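First up is the structure itself, then whatever we jot down about it.
From a predicted model like this one, the values you see are computed outputs, not experimental measurements. Hydrogens, waters and symmetry mates play no part in the numbers below; they use all other heavy atoms, side chains included.
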Amino acid sequence: MKQRCSWCQSDPLYIQYHDDEWGVPLHNDLLLFELLTLEGAQAGLSWLTVLKKRENYRKAFHDFDCHIISKYTEEDINRLMSDAGIIRNRLKIESVIKNAKGIIKIQKEFGSFDKFIWEYVDGVPLQNKRHTLKEIPNQTDISQKMSKALKSYGFNFVGPTICYAFMQAIGMVNDHMVECFRHDEIKNISSTTK
């Protein structure tokens, strides 16, 4: 039996996400936007709830193509509000549109969203050595700065807690428990990605 972080429970989807994705350094703008969207959608809900709707999100939001989403109209919002496959919260849906516009602004200014977001850790994942879930903060100075910067570009649902969860998801920080089999694997991956 592999030892995993206790939060991933026993659901196969959760385990797959933990084992294959969570904490792996990610540098693709489209996938970064997808995870930022899902982290925002998760606010007030469980991550497993969001994971179960992930494929539906991809279909509903044109595979997270910022250029298509940035042009969504009231008709698109109504379509999404009637889609049972996603979380039907108007503010969260509207935030995806705002965030798509923000990504485009950042891409024009910095070349890519990836370049902009990874500057918060100087392009190098932070390697933490946590032994219990209680040791993981729900936000940090870096996530607070990131939140403030994203909001200045018109982003929504990007508070410091959501930003820290996003940092964990995309591998900007390695918050796998030291005892988890993925901790050292992620550390090794991170050392070869700069």
Side-chain angles (χ1 to χ4, degrees), residues 13 16-17 20-45 47 49-123 125 142-173 193-194:
L13 189 61
Q16 181 273 322
Y17 174 73
D20 299 336
E21 286 186 71
W22 194 70
V24 176
L26 186 61
H27 296 281
N28 175 299
D29 275 13
L30 190 131
L31 295 174
L32 290 169
F33 178 45
E34 175 180 333
L35 281 171
L36 186 62
T37 298
L38 297 177
E39 291 293 350
Q42 190 236 334
L45 302 167
W47 184 241
T49 298
V50 175
L51 278 180
K52 287 179 178 176
K53 294 179 179 284
R54 189 177 192 178
E55 284 304 317
N56 294 327
Y57 265 88
R58 287 174 175 157
K59 290 174 192 161
F61 285 97
H62 291 91
D63 287 318
F64 295 100
D65 184 317
C66 293
H67 296 280
I68 294 173
I69 296 169
S70 68
K71 294 180 176 74
Y72 276 6
T73 63
E74 190 65 29
E75 188 178 322
D76 290 296
I77 293 170
N78 291 334
R79 168 183 62 82
L80 293 163
M81 284 295 291
S82 65
D83 188 338
I86 66 167
I87 293 151
R88 294 180 287 182
N89 175 304
R90 188 174 185 90
L91 293 176
K92 289 180 180 180
I93 290 168
E94 289 173 347
S95 79
V96 181
I97 302 165
K98 289 177 184 175
N99 296 355
K101 291 174 182 176
I103 296 249
I104 291 168
K105 284 181 197 171
I106 287 171
Q107 287 172 332
K108 284 179 181 171
E109 189 173 334
F110 293 87
S112 69
F113 182 60
D114 169 60
K115 186 176 179 185
F116 169 83
I117 214 74
W118 275 88
E119 277 302 308
Y120 286 93
V121 291
D122 296 323
I142 294 173
S143 75
Q144 289 168 6
K145 288 175 188 168
M146 181 189 293
S147 171
K148 189 175 180 182
L150 289 172
K151 287 176 183 176
S152 77
Y153 283 92
F155 284 70
N156 206 345
F157 277 88
V158 289
T161 300
I162 289 172
C163 284
Y164 192 69
F166 175 62
M167 289 172 66
Q168 292 173 308
I170 67 167
M172 288 175 76
V173 295
T193 56
K194 183 159 171 118

Got a list of side-chain donor-acceptor pairs under 3.5 Å for residues 161-170, not counting sequence neighbours?
from: Y164; atom 1: OH; to: R130; atom 2: NH2; distance (Å): 3.2
from: Y164; atom 1: OH; to: D175; atom 2: OD2; distance (Å): 2.6
from: Q168; atom 1: NE2; to: D175; atom 2: OD2; distance (Å): 2.8

Q: Check the pair N28, D114 against side-chain contact (heavy atoms from CB on, under 4.5 Å), reporting the backbone distance first and the verdict last.
A: CA-CA 7 Å; N28 175 299; D114 169 60; over 6 Å; no
**Q.** Trace of the side-chain contact (heavy atoms from CB on, under 4.5 Å) decision for W47 with E39
**A.** CA-CA 8 Å; W47 184 241; E39 291 293 350; 3.7 Å; yes
Q: Mind running side-chain contact (heavy atoms from CB on, under 4.5 Å) on K92 and L45 for me, showing each step along the way?
A: CA-CA 12 Å; K92 289 180 180 180; L45 302 167; 4.1 Å; yes
Q: Begin with the C-alpha distance, continue with both residues' side-chain angles, and end with the deciding distance and a verdict on side-chain contact (heavy atoms from CB on, under 4.5 Å) for I97 and I77.
A: CA-CA 9 Å; I97 302 165; I77 293 170; 3.7 Å; yes
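In this structure, NZ in K115 is found 12.0 Å from CG in D29, a value given to the nearest 0.5 Å. Atom CE of M172 and atom CE of M146 lie 3.5 Å apart (nearest 0.5 Å). Atom CZ of F64 and atom CG of L35 lie 8.5 Å apart (nearest 0.5 Å). Atom CD1 of I93 is separated from atom CG of L80 by 5.0 Å, given to the nearest 0.5 angstrom. Interatomic distance, D83 CG to K59 NZ, rounded to the nearest 0.5 Å: 10.0 Å. With rounding to the nearest 0.5 Å, the separation of CD in E21 from CD in Q16 is 5.5 Å.
Screening I86, L38, T37 for a side chain to side chain contact (heavy atoms under 4.5 Å, CB included) with V50, the sole residue that qualifies is L38.
A distance-only check finds a donor-acceptor pair linking the side chain of N99 to the backbone of N156 [under 3.5 Å]. Between the side chain of K53 and the backbone N or O of A84, at least one donor-acceptor pair lies under 3.5 Å. S147 contributes no side-chain N or O that, together with a main-chain N or O of S143, makes up a donor-acceptor pair within less than 3.5 Å. With hydrogens and angles ignored, the 3.5 Å screen pairs a side-chain donor or acceptor of N89 with a backbone N or O of L91.
The aromatic rings of F155 and F113 sit parallel, their planes meeting at an angle under 30°, below the 60° perpendicular limit. Ring planes of F61 and Y57: parallel class, angle under 30° (limits at 30 and 60°).
Across all their heavy atoms, A149 and S152 have their closest contact at O-OG, 2.5 Å. Residues C66 and I104 come closest through the heavy atom pair O-CD1, 3.7 Å. Nearest heavy-atom pair across A60 and Y72 is O-OH, 3.4 Å. Taking all atoms of both residues into account, the shortest heavy-atom contact from R58 to E34 is NH2-OE2, 2.9 Å. The shortest heavy-atom contact between G171 and P125 is O-CB, 3.2 Å. Between L32 and L26, the shortest heavy-atom contact is CD2-O, 3.6 Å.
Two residues are said to be in side-chain contact when any heavy atoms from C-beta on lie closer than 4.5 Å; F157 and L36 fail this criterion. The shortest side-chain heavy-atom distance between L51 and R54 falls under the 4.5 Å cut-off. Proximity of F110 to E119: side-chain heavy atoms (C-beta onward) are nowhere separated by under 4.5 Å.
Ion pair E94/K101 not flagged as a salt bridge, since none of the NZ, NE, NH1 or NH2 atoms sits closer than 4.0 Å to an Asp/Glu carboxylate oxygen.
With a 6.0 Å radius and a threshold of 12 heavy atoms from other residues, nucleotides or ligands, K151 has its NZ atom above the threshold. Under a cut-off of 6.0 angstrom, the local environment of CD in E74 is crowded, with over 12 non-hydrogen atoms contributed by other residues, nucleotides or ligands.
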